[in-house]
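Residue numbers start from 1 in every chain, and the chains themselves are labelled A, B, ... in the order their sequence lines are given, proteins ahead of strands. Because only heavy atoms are used, hydrogens play no part in the values below, and waters and symmetry mates are left out as well, while side chains stay in.
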Number of protein chains: 2
Amino acid sequence: MTLASEPTDHTGYWMRMVSNAVSQEFARKVSSEDVTVAEWTFMRALYDLEPTPPSALAERMGMTKGAISKLAERLVVKGLVERTESQEDKRAHSLSLTTEGRAKIPILASLADENDAGFFGVLTNDEHEALDRILKALAERRGLKTTPVD
Amino acid sequence: MTLASEPTDHTGYWMRMVSNAVSQEFARKVSSEDVTVAEWTFMRALYDLEPTPPSALAERMGMTKGAISKLAERLVVKGLVERTESQEDKRAHSLSLTTEGRAKIPILASLADENDAGFFGVLTNDEHEALDRILKALAERRGLKTTPVD
DNA sequence: GTAATTAAGTTTCCTAGTCAACAATGATTT
DNA sequence: AAATCATTGTTGACTAGGAAACTTAATTAC
């Protein structure tokens, strides 16, 4: 017997290898639009939810409120997101995409489509379908829910 | 038609969600041994290669030499890794596990085994085998090679 | 109706990477 | 043998996120 199992014996090893590669390739693509993957994830969530308080984004993205606060600030500085003060609750505010931010959504979305199609295009249809099915089953059975950022 | 595809339409989305969950769970487990995932990956690579120059680890782990330099330093401080000056080349040195570091390998390896088995244990054998097969095919066909850290 | 508690966001400090500049040494050219 | 060029590893400036302290405002308890 050996003292230590091989890392390559683990599904998690291959999972991370592939996942990192997809993300890195996507990061490279979105950087052409001067946006990071986290920023895209944020904007895409906002597109579905706007106007929404930062706390909802934190929940959805599985990030701390501190991280969301800084991420939002970066996007405000870039002119892609704007804050609106709440009248009922003076502590709170809501976030929305600016016109410029909203205009970027379809562009970034098609980069995301392209990236996924390109990366997983080396699989046969059967393989691709099986992979999707198994990943979704895993997420379901393990009760995963937050939108992955990195 | 919609302006933007759903993130959940992408295989990469589910991939990241699952991969992040495995990593986070593993990070929690290894922290009980006062080690980070990057540190474990480093030590496990060293276990196979020692004594080896930092540059080889950087290559294997897909990290910059700067990152490796700092990671090695942290492990030296923890007493898990040691440096040996090279005689032929005064710029170079090689890294090895200390006795203490080597003693941790089987412990951490079994945490890794446990983590993988536990996480993917919700899959049927057929699903698990299919997942492994497809991930390896993907890595192969896309020419991926570095040991994933995070 | 005031005090204590809870909630929303921000800020500070910390960790862990990248990238690029660097010092020191070694290799190559001429 | 000197000058140039390449390589090894470290350092410093910067980025991005987490944890927890903090500020301000709202809610609850009494």
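Using a 4.0 Å heavy-atom cutoff across all strands shown, B:E88 reaches sugar-phosphate atoms only and no base atom. Residue-level contact check: B:E85 touches neither bases nor backbone, having no heavy atom under 4.0 Å from any strand.
Applying the salt bridge (charged side-chain N to carboxylate O under 4.0 Å, His left out) test to B:D9 and every residue at least two apart in sequence or in another chain returns nothing.
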Atom pairs and distances, side-chain donor-acceptor, residues 69-79 of chain A, under 3.5 Å, sequence neighbours left out:
| residue | atom | partner | partner atom | Å |
| --- | --- | --- | --- | --- |
| A:E73 | OE1 | A:R83 | NH1 | 3.2 |
| A:E73 | OE1 | A:R83 | NH2 | 3.0 |
| A:K78 | NZ | A:D34 | O | 2.8 |
| A:K78 | NZ | A:E39 | OE1 | 2.8 |
| A:K78 | NZ | A:E39 | OE2 | 3.4 |

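The residues B:D132 and B:K136 are annotated as not salt-bridged, no charged nitrogen and carboxylate oxygen being separated by less than 4.0 angstrom. For A:E85 and A:K90, the salt-bridge test fails: no basic side-chain N is under 4.0 Å from an acidic carboxylate O.
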Quick one: what's the B/S/- string for nucleotides 1-14 of chain D, heavy-atom cutoff under 4.0 Å, read 5' to 3'? -----BBBBBBBB-
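When side chains are defined from C-beta on, B:T98 does not count as touching B:V81, because their heavy atoms never get closer than 4.5 Å.
Whole-Å rounding puts the A:M61 CE to D:dG18 C1' distance at 14 Å. Following rounding to the nearest Å, B:L75 (CG) and C:dA16 (C1') show an atom-to-atom distance of 13 Å. In this structure, the CD atom of A:E73 is 8 Å from the P atom of C:dT10, given to the nearest Å. B:N20 places its CG atom 18 Å from the P atom of D:dA16, with the value rounded to the nearest Å. Atom P of nucleotide C:dT11 and atom CZ of A:R74 are separated by 14 Å, given to the nearest angstrom. Note: CD (A:E59) to C1' (C:dA8) measures 14 Å, nearest angstrom.
Across the interface with DNA chain D, nearest-nucleotide mapping of A:Q87 and A:L71 shows A:L71 to be the residue nearer the 5′ end.
Annotation: cation-pi geometry not satisfied between B:R102 and B:Y47 (NZ/CZ under 6.0 angstrom from ring centroid, within 45° of ring axis).
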